[in-house]
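Working notes, beginning with the structure itself.
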Amino acid sequence: MDKAYEPHSIEQRWYAFWEQNGHFAASGEGAPYCIMIPPPNVTGSLHMGHAFQDTIMDALIRYHRMQGDNTLWQAGTDHAGIATQMVVERQLLAEGKSRHDLGREKFIERVWEWKGQSGGHITRQLRRMGASLDWSRERFTMDEGLSSAVREVFVRLHEEGLIYRGKRLVNWDPVLHTAVSDLEVISEEEQGYLWHMRYPLSDGSGHLVVATTRPETMLGDSAVAVHPEDERYKHLVGRTITLPLVGREIPIIADDYVDPAFGTGCVKITPAHDFNDYQVGLRHDLPQINVFTIDARINDEAPEQYRGLDRYEARDEIVHDLKELELIEKIEDHKLMVPRGDRSHSVIEPFLTDQWYVKVAPLAAEAIKVVEDGRIRFVPDNWKNTYFDWMRKIEDWCISRQIWWGHRIPAWYDEAGNVYVGRDEAEVRAKHNLGDTPLTQDEDVLDTWFSSALWPFSTLGWPEQTPELKSFYPTSVLVTGFDIIFFWVARMIMMGLKFMGDVPFREVYIHGLVRDAHGQKMSKSKGNVLDPIDLIDGIDLESLVQKRTTGLMQPEMAKKIEKATRKEFPDGIPAFGTDALRFTFAALASTGRDINFDLGRIEGYRNYCNKLWNAARYVLMNTEGMDCGQGGGEIEYSLADRWIRSRLQETVREVNESIQGYRFDHAAQAIYEFTWSEYCDWYLELSKPVLTGDASDAAKRGTRQTLVQVLETLLRLAHPVMPFITEEIWQRVGPLAGAEGDTLMRQPYPQANAAQVNSAAETEMGWVMEFIVGVRKIRSGMNIPPGKPLPVLLENHRDEDRERLARNATFLERLARTESITLLAEGEESPESATALVGEMRLLVPMAGLIDKAAELARLSKEIDKLAGEVERGRKKLENENFTARAPAEVVQKERDKLAEMEASLNSLREQKGKIERM
RNA sequence: GGGUGCUUAGCUCAGCUGGGAGAGCGUCGCCCUUACAAGGCGAGGGUCGGGGGUUCAAGUCCCUCAGCACCCACCA
């Protein structure tokens, strides 16, 4: 093995090996365990959120696979309608063309081309992450099978009346020229104005003042509303005003919707351009007057002078014209929520169009029930409240999009405009006896999330009743971010229940967002994005700056971003390797919280990989080609052997428990702690005196066997989190430990074995450690070089201490670097010494020539003060009768034991201090 | 306007059903001891956001205030 850990040289080799040997496929044996990958955009690339999420899923999948479950991680990608179409349109724009120049068919061809060209990118990146997805089953939301599932669901829902077409007010994106769902609209507070406009009464007897944030919509006003109880206006209800600039006579109506306290208490009602007004309009049977084109320009319904103007130009004109007519009473500053499209970021316009809808209420009712009764469990649990809140007030889902890339709606129209829904045109003709009547298919496509909602069963072959569907549905757990609970999770639950009659997954693990080191959201515009692949492979500063400053929406930010980047990464980013990255994600993955990704953390875990690597080198150095007890032969285990085996069991138990509870941070912590602080810091050191000393063959065999077996178990234990380094090492360590098979990823996952827990060994080892640490502290406190052997005297020892000393002398001599260890008889004079306690035994290092008396006194005083404080606290507690009477007996007893122990130590230290002072 | 989460060492965070404040990184000191300087050994550092309550006992439970973050919502 190389002296230093080089992730680059091992990772891709092992991935290829696993994939080529079919190790990612479900075994077909054992209890089914299945995770559906949230399909990434087919033409996208991997970001930190993916990397985090995929690490968690892969850890779960590898864990269950090793547990012997029939494990499937379903691979696939999403066509991402609007997002992908936008990318291709941007490419066309660069060629000076629009999609309309190409026409629908050519444009779609072009998107498929782009998919073919870039579609493998993200799946290659997933491979770099070590994700053990079953690629042989990879699906795409627009492949033939999934498309037919989409049509099937559409037709069946339509037959049941759960899909309908209707003219309604929708969220319209005037840049993308498509409707979007409520969820795709992001409202942000922006500074605006409140215009107070005078609307003259038709009879010339005066005017009303209406307040609005959108004066241009007045062209479509069809009423003015006041509150029915509003004394100021009650008498005007039923009369009319004449709409300025337009001349239309419109009624004054009374409606509860109006808040008399806001503005003037009079509201202009524009049913075709405002969601509230739309409802008011329905209640009062008002005309819906649409004054916009699909570009949000003024259409021909409006007076001639405004036609063709953009909505904001029209606003200026109208305000100007009203001012001329002295119809603007005042203009106030006003903060308002502006709705913007999440993709185009353009201001969304409520717009009257024909669209397709899913009637969700009946589906939602079932979907609420399964979470209420625990058939689906959210982790962490509190996310179910978010889910309920949304589901209980859910509105119908607008599923049609006026774009080209996606599943075309399976509906056809005859020349009279009648609509027929069916799986294909032939079916429609046959079913409705249409003969040769010319039919045209609906131009719209479905919302991308419509096909995503079917993902848990469509990927398994539905509507065919496949064996996969039978084995793996319902799937085990869904791992996803909170941001798509509504978009995706809720809809999968509804569709799964509807078409499979069962939940799509039993648990939903919701993870947090990956932020930068300072808790800022990563975004291109902030220039703080980290690319997981750069963390794996490393990137030099110039390339990183280049990457962060090209393609910015606001190029003026480039300077600032460059400066910040140069400051934060003066040497670029070193290559940390996939395992370190994965370990970092696992270690940061505490209960659903956002995680701040700190380079210090990944560096620490890269160091951990190196530590493991070197530990393995040491083990191999001392075991390869040697007798590790594989062939039988007498075996004797040292205290250290028994101790590390015992500690390993505790670690195994903890890791299993943690993974089962989705506490990857605890699992990572336990693995890290065991490897570094126990196996490396203590056990490997303790193995040295056995292996290099004059221990018996049986003892050497015992230690070699323990070195190898514990390491092999540790590799299996850590494999789900760090698959590459563990596989690389296991290939050499596995055989020494008697393991069979060509890969670690198919080995059994360690299970805790209570029989190997050895509390006697742990206690005695505790004594040994106390002894060694005691000497080290004296050494460090007195500035004695680590290499200098020290004489040690022991005072106030009991039988047990003497026995332990005899059994473990070689360990103590080596690790404490003693020159000699001498037992002092009771009452025997001891020289001036520095002291440490091992239980009640005093460990003395004579000062002669070594130790500064003042320093030792200071050291003792400090320790005495600390201990005295604790003793005082313990005493007070025990003197409190309320405590002794009311606290559980065991707690009180524990407190008493503790106090006694501390008092003994305190006395011992004081005695020693006195002795030194007297000398 | 509703709702959720967070506030613990200089930084990033653990701390499960209430019973002796922890880790990593950073800092300081001593060491190139033949697995590892991406390392070893040791040290320092916190009135657990403020206030109140329950309890023998509160970082942990309850109330309240403050700050931060996010989600939802039709006040023109």
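Throughout, protein chains are lettered first and strands after them, A, B, ... in sequence-line order, and every chain is numbered starting at 1.
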Open item on the list: Both atom distances under 3.5 Å, Watson-Crick or G-U wobble: I'd like the secondary structure of RNA chain B as a dot-bracket string, with | for pairs made across strands.
Closed with: (((((((..((((.....[..)))).(((((.......))))).....(((((..]....))))))))))))....
Open item on the list: Distance check needed: G24(B) P versus W676(A) CH2, whole Å only.
Closed with: 9 Å
Open item on the list: With a 6.0 Å cut-off on the ring centroids, do Y605(A) and F576(A) count as close?
Closed with: no
TODO: Record whether the side chain of E685(A) comes under 3.5 Å of the base of A35(B) through a donor-acceptor pair of N or O atoms.
DONE: yes
Task: 5′-ward residue of the pair N596(A)/Y605(A) relative to RNA chain B - done: N596(A)
Task: Nearest-nucleotide pick for K777(A), side chain only, options being A76(B), A43(B), C72(B) - done: A43(B)
TODO: Check whether any side-chain nitrogen or oxygen of R606(A) sits under 4.0 Å from OP1 or OP2 of G39(B), and answer yes or no.
DONE: no
Task: Length of the CG-P vector between D381(A) and U4(B), whole Å - done: 13 Å
TODO: Measure the acute angle between the ring planes of F486(A) and W390(A), then classify it against the limits of 30° and 60° as parallel, tilted or perpendicular.
DONE: parallel
Open item on the list: I want to check one thing: is the phosphate of A14(B), taken as OP1 and OP2, less than 4.0 Å away from some side-chain N or O of S590(A)?
Closed with: yes
TODO: With the side chain of F262(A) defined as its heavy atoms from C-beta on, choose the nearest nucleotide among A76(B), U7(B), C36(B).
DONE: A76(B)
Open item on the list: Just N and O in the side chain of K788(A): are any of them under 4.0 Å from OP1 or OP2 of U33(B)?
Closed with: no
Task: Any K3(A) side-chain nitrogen or oxygen under 4.0 Å from OP1 or OP2 of C36(B) - done: yes
Task: From Y679(A), Y618(A), W682(A), residue fulfilling side chain to side chain donor-acceptor pair (under 3.5 Å) relative to S687(A) - done: Y618(A)
